Structures are given as structure tokens and as C-alpha cells.
**Student:** 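Have a look at this one before I ask anything.
Everything quoted here is computed from the prediction, not taken from an experiment. For reference, positions follow the sequence shown, starting with 1. Whatever order the structure lists ligands and atoms in, that order sets their numbers, starting from 1.
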Amino acid sequence: MSLLVDNIGELTTHGPQGTLTAAALVVQDGTVAWTGPAGAAPAADRRIDAGGGAVIPGFVDSHTHLVFAGDRAAEFAARMAGEPYTGGGIRTTVAATRAATDAELRAGLARRYTEALRQGTTTIEVKSGYGLDVAGEVRLLRLAGEVTGETTFLGAHVVPAGTGAAEYVSLVTGDMLAAAAPYARWVDVFCERGAFDVDQARTVLRAGMAAGLLPRIHANQLHPGGGVALAVELGAASADHCTHLSTSDIDALAGSGTVATLLPGAEFSTRSPYPDAAALLRAGAVVALATDCNPGSSYTTSMALCIALGVREMGMSPAQALWSATAGGARALRRDDVGHLGIGARADLVVLDAPSHLHLAYRPGVPLVRTVLHNGTPVPTATDGTVAGTTTAPPPGRPGAYPSGAWT
Ligand SMILES: [Zn+2]
């Protein structure tokens, strides 16, 4: 099956072809097979008219906590009224999640996953971390694995009430890791005052690596500390948050293969100072943007919001922010098949109801996603299940240009 996306006003590929105007793109068997000038496109079985809108790679959200139960809207309201964020509310979600049935957790996950996909997120990482016991963590990873291959074991999210930190680290690196590892690709730890210190974080990540998982870390979110240095020391794919960085942290990231993943939804929702993306970019670090979607500190699935915040609050250009939300996220997940629209990439793309990618930041809060392709297949973006802009009919003026099966 082939599919032509035609009449593209601006096509951002993040590949060798860069950005094209008056462009078209052909998908064959779920991957990008051709990009170029609109008039020169080969025929295809189906056609999507982009209506002169911009086409961008699907968003890669490399940091979410999407499986949970409960609601912390009251905590948010209290914070907006002046109470500080400490991370302690995680235990509230742990209690609600433990009390929920599999069916309830699956329904909530599906709702948020669909919400993200409709907004253009075509690759998503999902962490555990609200079980905090062996069976609970395995349950969350199994459910996460039903929607994504990018699953992360975050048993070391916070020390559960009534347990000593040393005792809990032993559990996380012992029985819990052994049970969780078959269901996870990544291992993560919340390295922060009140959660796990640098030595404990190193112990958790090294144990995960020994079990075949790849390391990533929550680092330097609420305070300066050694989390980013640890990420670089261990060759982690990503250090996430990076809100409180020293000059040596920035230099270490810039000289490493570790991506700095910034999560501005957390600063927005906790009314905290934003990380300095411009300083990281100036130093040469690779920067990703992700939502950190979770019920406590960043309950958003909107990558477009993260782009707008990156531009407005963190010193990124719109093009840098878009790259970070797509190709940057892919780098943070060590993926080269997503986050770009070069030939051979997975055909994950977003047609915007806007003439250029600039509108993602220029028109914050406006639903600009018109059509989403995931693995080359249009996904419903409207609540009635319809897919905007799709047709199997030939375009006007080019009769017979798209006979079924003619281009294989
Ligand atoms: Zn997080």
C-alpha cells in the first residue's frame, strides 16, 4: 500500500533534504519512500491533501509517566496558591494506582495515549514508578508495554512510606529488577533530595545495566546535584529535567553522548524557573523536549505546549524546539527510525492546519494538528473517528494518477 501526501506548504524532514516548500511525500509499506517537489511525486494508491499546510515529523515524547490512577488537581490548585512542589505527592498517586484494577489502569492509559496520538505524538516512552513493590511495578510495565516498546523501569521513583532507603534500594536492584527487566527497555531513577542520592542512583542504574537495561535518569530537577554528572559517567542515553545545571554539568553534557531532555511542562505546572536551553545549545549539547506527563507535576500530553514553552521561556528558536521535540526525542531514546522524515524513516508525520512550523509556538494552545500518520496509517484525529483530508480519489486535474496498486 502506498500513500501520497500532496500539496505540502512546508515539509520539515530533519533529514538530508532539510526543509522543502511546495512539496510532497510518498509512504510505502509504512516508511518514507520519496520526498520532493509536489509536481514530481510518483503515483500512489491513496492521497492525502495537506491543503498547503506544514508537515513535520511525528513528535517523540521520550519522558512520560502515563500509567497511573487518581487525580491531583487539588494539589495543583494549592501550589498555584503558593505551596511549594516537593515531589512528595508521588505517594498519593502510588496509593491510588495500587487501589486501581488492571481494567481501570488500562482505560486511563488508553485515554491518555490516544490523546497524545491525536496531538501528533507517534512515539512515546512510558515509565513505571507508581507501584513501588514487585508486583505493582511489573503490572505497570506490562500495561505500558501494551502501547509502546519504550518502557522504563522506575522502581526507584521515591522510597515508599514505611521503608528505609537502603532496604528499598536492595529490593529495587534485587527481586524487583529481576521481575521487571523482561518488561522494560530502560532503567531510570529519581536522583533528588528526598528521593535517591547519587550513590543510590548509581547502584540502581548499574544494577539495571547489568540486567540488560539501558540507563536514563531524572537529574537536577529541583536542586543542583550530581545527577547529570552520573548520567555522563554511565553513558546514559538521557539526563532528564536538567533545570539546575552548573557550568561543568553543561560542559559534561556537551562533551558526551547523553541528551539533555528538558521537561518545561513541569516548570509550568510547578511555577518553577525553566531550564536554560539556550546555554545547553550554545555549548553544543543535544537537547530534547518531552512532556513528563504525570498527574502531579505536569499533567499535559501536549508536545506543542512544550515547544511553545521552549521558545517563549527557554531561549530556543522555533526550529530548534521542533527538532528537540522530534529528532531530539529520538536521540534520547537511541532511535534513528523516528523523529525525522528522511527516506527509510518510519512514516510518522503530522499535517498542520498552519502554513509553517512557526505556528506551533506562534499560536499556543490552538489545536493545529489536522492529520496524523502513524506507521504510514492515518489515525483519527477527530472525536467522531474521521481522518481529515484523506481521499482515495485522484486529485483534480490529474485523472487516473492514482490507480490502486499501480505503484508498489
Ligand atoms: Zn519524570
**Student:** Are S238 and D240 close enough that a side-chain donor and a side-chain acceptor fall under 3.5 Å?
**Tutor:**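 Short answer, yes.
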**Student:** Identify the two heavy atoms, one from V228 and one from C242, that lie closest to each other, and give their separation to 0.1 Å.
**Tutor:**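 Heavy-atom minimum between the residues: CG2-SG, 4.0 Å.
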**Student:** Quick one: are L280 and L262 in side-chain contact, heavy atoms under 4.5 Å?
**Tutor:**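 Side-chain contact under 4.5 Å: yes.
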**Student:** Under a 3.5 Å threshold, yes or no: a donor from one side chain and an acceptor from the other, between R216 and S62?
**Tutor:**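 No donor-acceptor contact under 3.5 Å links the two side chains.
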**Student:** Could you check whether R312 makes a cation-pi contact with Y274, meaning its NZ or CZ is under 6.0 Å from the centre of the six-membered ring and within 45° of the ring axis?
**Tutor:**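 Because its charged atom misses either the 6.0 Å distance or the 45° angle limit, R312 does not stack over Y274.
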**Student:** Verify the distance criterion only: is there a donor paired with an acceptor across the side chains of E192 and H218 at less than 3.5 Å?
**Tutor:**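 No donor-acceptor contact under 3.5 Å links the two side chains.
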**Student:** Can you list, by chain and residue number, the protein N, O or S atoms under 2.8 Å from the Zn ion (ligand 1)?
**Tutor:**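 You should have found H63 NE2, H65 NE2, H218 NE2, D292 OD1.
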